[in-house]
Enquirer: 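Can you keep this structure in mind? I'll have questions shortly.
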Amino acid sequence: MDNKEIDEKKQSYNMWVVGVNLAVLAVYTVISKANTELGPLLDAFLIAIHVAVCILWAAIASKRIWWLTALVVLLIGFSTCVGILWR
């Protein structure tokens, strides 16, 4: 394998990691929105767990993409929690 193929596989893996984590975030945000009474608290709790798991996995796997994914989940999750669910 040459360097170009390795870079393409690495980029593909990185996009897969971010995409799967954003899909999971979207699923439990929609589920939280359906529960009007405890929705924001449930979403905030699930976001905290999701970010903690990403950080833990980043420390175990020594991959920077998991740190970035934790940051993306935190930023997007917090903004959707505040912007959509707390209305």
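Start at 1 with the first residue, then count along the sequence. The shown structure was predicted, so the numbers you read here are calculated from the model rather than taken from an experiment.
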Enquirer: Below 3.5 Å, can you tabulate the donor-acceptor pairs from side chains in residues 48-75 to any protein atom, sequence neighbours excluded?
Expert:
{"from": "H50", "atom 1": "ND1", "to": "Y28", "atom 2": "OH", "distance (Å)": "2.9"}
{"from": "H50", "atom 1": "NE2", "to": "N21", "atom 2": "OD1", "distance (Å)": "2.7"}
{"from": "W66", "atom 1": "NE1", "to": "Y13", "atom 2": "OH", "distance (Å)": "3.4"}
{"from": "T69", "atom 1": "OG1", "to": "I65", "atom 2": "O", "distance (Å)": "2.8"}

Enquirer: What verdict does the side-chain contact (heavy atoms from CB on, under 4.5 Å) test give for F78 and V82, after you've listed the backbone C-alpha separation in whole Å, the side-chain angles of each residue and the deciding distance to 0.1 Å?
Expert: CA-CA 6 Å; F78 179 75; V82 170; 3.7 Å; yes
Enquirer: Hydrophobic clusters here meaning ILVMFWY residues chained together by side-chain heavy-atom distances under 4.5 Å, can you tell me if L41 and L46 are in one?
Expert: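 Looking at the clustering, L46 is in a separate group from L41.
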Enquirer: Taking atom CD of Q11 as the centre, report whether more than 12 heavy atoms of other residues, nucleotides or ligands fall under 6.0 Å from it.
Expert: no
Enquirer: Honestly curious: do V27 and V30 fall in one hydrophobic cluster under the side-chain, below-4.5 Å linking rule?
Expert: no
Enquirer: How far does OG of S12 sit from CD of E5, to the nearest 0.5 angstrom?
Expert: 13.0 Å
Enquirer: Could you state the interatomic distance from CG (D43) to OG1 (T80), rounded to the nearest 0.5 Å?
Expert: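 So the gap between those two atoms works out to 5.5 Å.
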Enquirer: May I ask whether L22 and M15 are part of the same hydrophobic cluster, defined by side-chain heavy atoms of I, L, V, M, F, W, Y residues being less than 4.5 angstrom apart, directly or through others?
Expert: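 Shared cluster, no.
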Enquirer: When you measure from the side chain of T29 to the backbone of L25, do you find a donor-acceptor pair of N or O atoms at a distance under 3.5 Å?
Expert: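 Side chain of T29 to backbone of L25, a donor-acceptor pair under 3.5 Å: yes, one is there.
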Enquirer: Which atom pair, heavy atoms only, marks the closest approach of I47 to G77?
Expert: CD1-O, 3.2 Å
